[in-house]
**Student:** 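Below you will find the structure I want to go over with you.
Side-chain atoms are counted along with the backbone in the values below, which use heavy atoms only and exclude waters and symmetry mates.
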Amino acid sequence: MKKEILLCGALMLSLAGQAESFMRVELADGTFVDYKGDNIKNVTFETTDKSGTIQGKKYVDLGLSVKWAAYDVGSDNANENGSRFAWGLTTPTTETQVPWSEYKYFDEENNDAPLTKYCENERFGKVDSLNVLEAIDDAASVLWGDEWRMPTKAEVAELIRVCHATVVRNNGVLANRFTSDEAGYENVALTFPYSSGLSNYWTSSLYETNSILAYYYQMVDFTSGSSTIESEIGPKGMGRGGTAFVRAVSTSENVKKDSTVVIHLNNGKAVEYLSDQVKNLFFFDSEASSADKETGSLDDYGYVDLGLSVLWATHNVGAATPAGRGGLYAWGETEEEKKDTSVAFATAYSPYLYKFSMDSTMFSLSKYCNVDTAGVVDNLTTLEAEDDAASVNWAPKWRMPTREEMSELVENCTALYTDNYMDSGVSGVLMTSKVQGYTDRSIFLPGNCFIQYEYVATDADGKRCYNPYYWTSSLYEADCKFAWMVTFHDIEGEWNVATLIRNCGASIRPVADK
């Protein structure tokens with residue numbers, strides 16, 4: 001069955017000189033994507049092969065050799081881990097290790113070669129050359145039905161190879177999200193939670209060189225390390241008596257299909273979302289949209305009154321539009337730094353070029369210092385106008401927000417992260433006021449990460465990090481090498497008020513007094 005929404009010109013097309021219309025897809029994970037109205041032909045609701053149920057259990061088809069279950073065996077919620085199992089055992093356990101004395105295929109009386117099943121080398125036990133679990137020993141097959149089974153080592157490797165992985169927070173639980181890169185499956189995703197720091201998952205494959213072990217894979221914040229996602233997640237070997245979670249796979253065609261939302265664009269392309277990925281779908285006018293609507297201007301720079309103690313600018317220093325990322329400025333500097341080409345080492349955004357460093361370190365500061373062992377004591381804890389990038393680059397009425405003003409913004413606005421703000425391709429956070437009488441007003445804070453020693457952080461794939469980092473004008477008084485800033489991590493889905501060493505470059509969103 002196919003239902004269609006026709007986007008008539010009166011609704012979706014902008015009239016000359018009037019507001020531009022958008023359609024917003026708000027996703028279940030708390031992010032959203034906006035599409036320009038005049039780029040959309042229609043929206044249809046259809047059935048899809050990409051998700052549905054097999055024997056009553058939900059699957060997701062990523063375009064791989066197998067369909068993957070949407071949640072663990074022992075759970076019906078993608079945000080919660082299921083039951084633990086030892087490898088080859090089908091009874092759940094709460095233990096992290098099953099003693100060998102209780103392991104079904106271990107003969108305690110023959111410690112030299114104790115294994116009685118799944119053994120490829122006589123030094124470990126009775127050789128049967130079984131290297132993949134049979135259905136009677138597969139927890140997925142036994143508990144979910146014969147059309148389900150545990151994935152092999154090769155199928156896990158395929159998942160990692162064909163999909164791109166990100167770390168997300170779903171309903172407060174950290175998870176690894178695998179989004180397919182296979183043509184025609186680009187918006188199909190699968191999540192694995194790790195509420196306790198990491199979650200181990202079994203494969204059905206025996207470890208080749210040591211039959212005491214079997215292959216497993218793990219879900220963890222792989223972005224914090226320098227190694228590859230393959231080595232961080234797996235597959236890797238673990239003792240068969242250890243316990244792990246089970247995520248089932250299937251090759252069955254006996255499926256009950258789900259519905260999907262398909263956005264058909266005027267250029268002939270289509271964007272598809274599984275229905276359970278979409279929380280809301282609605283249309284709005286950019287003129288009525290608080291993110292673009294100024295409530296006033298000062299010295300030709302627009303502001304939005306969010307009902308807070310100060311007025312917030314509509315865009316960053318160094319940008320011309322709300323979606324512009326703008327410049328990156330060291331704390332207390334009013335221009336972006338450029339590398340000193342006369343030396344071979346990194347100089348920009350390092351103590352070597354920092355305006356207030358007296359000896360190319362951050363241990364001898366010429367201004368904004370409150371400890372005599374750290375430089376020239378002046379006890380200044382807030383940037384003066386001459387060192388405020390907003391005041392210098394815009395106008396004296398504008399300045400950088402204090403720590404208290406930035407905290408007020410974070411505490412009194414809802415934060416909604418997007419990868420593609422207003423079809424601009426720019427990621428960032430839409431901040432919408434929670435103050436009564438101002439709840440129709442927002443500002444957009446683009447992500448630009450921060451820069452230090454000419455280096456901008458990258459993710460696990462080597463792509464530039466674009467999480468928002470915004471300076472305040474407030475010194476960190478406990479250690480004057482640092483200043484206060486805020487950062488939003490899409491992984492955690494929330495703002496953090498924190499400190500950053502002053503020679504780093506970060507974004508600046510100006511404020512003005514009411």
**Student:** Would you say the side-chain atoms of Glu155 pair up with the backbone N or O of Val66, donor to acceptor, closer than 3.5 Å?
**Tutor:** no

**Student:** For the backbone of Gly447 and the side chain of Asn467, can you confirm whether one donor and one acceptor N or O come within less than 3.5 Å of each other?
**Tutor:** no

**Student:** Are the side chain of Trp148 and the backbone of Ala139 linked by a donor-acceptor contact shorter than 3.5 Å?
**Tutor:** no

**Student:** Going by the angle between their ring planes, with limits at 30° and 60°, are Tyr35 and Tyr273 parallel, tilted or perpendicular?
**Tutor:** perpendicular

**Student:** Would one find more than 12 heavy atoms of other residues, nucleotides or ligands at under 6.0 Å from atom OH of Tyr207?
**Tutor:** no

**Student:** Hey, can you tell me if Phe245 and Tyr201 have their rings parallel, tilted or perpendicular (30° and 60° cut-offs)?
**Tutor:** tilted

**Student:** Find out whether Phe45 and Thr260 are in side-chain contact, i.e. whether some heavy atom of one side chain is under 4.5 Å from a heavy atom of the other.
**Tutor:** no

**Student:** Sub-3.5 Å donor-acceptor pair from the side chain of Asn131 to the main-chain atoms of Leu206, do we have one?
**Tutor:** no

**Student:** For Glu208, enumerate each residue passing the side chain to side chain contact (heavy atoms under 4.5 Å, CB included) test, keeping only those at least two apart in sequence or located in another chain.
**Tutor:** Lys153, Tyr215

**Student:** Are the side chain of Trp471 and the backbone N or O of Tyr329 linked by a donor-acceptor pair below 3.5 Å?
**Tutor:** yes

**Student:** In Å, rounded to the nearest 0.5 Å, how long is the span from CE of Met422 to OG1 of Thr321?
**Tutor:** 11.5 Å

**Student:** Tell me the salt bridge (charged side-chain N to carboxylate O under 4.0 Å, His left out) pairs involving residues 247-257, sequence neighbours left out?
**Tutor:** Asp49-Lys257, Lys67-Glu253, Asp72-Arg247

**Student:** So, using side chain to side chain contact (heavy atoms under 4.5 Å, CB included) as the criterion, who are the partners of Val162 when residues are at least two apart?
**Tutor:** Leu64, Glu158, Glu182

**Student:** Just checking, Lys58 and Tyr71: is the charged tip under 6.0 Å from the six-membered ring centre and within 45° of the axis?
**Tutor:** no

**Student:** Please list, chain by chain and in numerical order, all residues satisfying side chain to side chain contact (heavy atoms under 4.5 Å, CB included) with Asp181, sequence neighbours excluded.
**Tutor:** His164

**Student:** Rounded to the nearest 0.5 Å, what separation is found between the CD atom of Glu147 and the NZ atom of Lys57?
**Tutor:** 13.5 Å

**Student:** Any chance NZ of Lys434 has more than 12 other-residue heavy atoms, nucleotides or ligands included, within less than 6.0 Å?
**Tutor:** yes

**Student:** Looking at Leu62, is its backbone amide N or carbonyl O close enough to the side chain of Ser180 to form a donor-acceptor pair, meaning the two atoms are under 3.5 Å apart?
**Tutor:** yes

**Student:** Is the distance between the ring centroids of Phe192 and Phe178 under 6.0 Å?
**Tutor:** yes

**Student:** Would you confirm whether Arg509, through its side chain, and Phe444, through its main-chain N or O, come within 3.5 Å as a donor-acceptor pair?
**Tutor:** yes

**Student:** So, does Arg123 use its side chain to make a donor-acceptor pair with the main chain of Asn210 at under 3.5 Å?
**Tutor:** no

**Student:** Supply the atom-to-atom distance Thr203 OG1 to Tyr217 OH, rounded to the nearest 0.5 angstrom.
**Tutor:** 8.0 Å

**Student:** Do Leu328 and Ser507 have side chains that approach each other closer than 4.5 Å (heavy atoms only, starting at C-beta)?
**Tutor:** yes

**Student:** Please collect all salt bridge (charged side-chain N to carboxylate O under 4.0 Å, His left out) contacts where either partner lies in residues 95-113, sequence neighbours excluded, each pair once.
**Tutor:** Lys104-Asp137

**Student:** Please name all residues satisfying side chain to side chain donor-acceptor pair (under 3.5 Å) with Tyr466, sequence neighbours left out, ordered by chain then number.
**Tutor:** none

**Student:** Using only atom types and a distance under 3.5 Å, with no angle test, would you say the side chain of Glu454 pairs donor to acceptor with the backbone of Ala348?
**Tutor:** yes

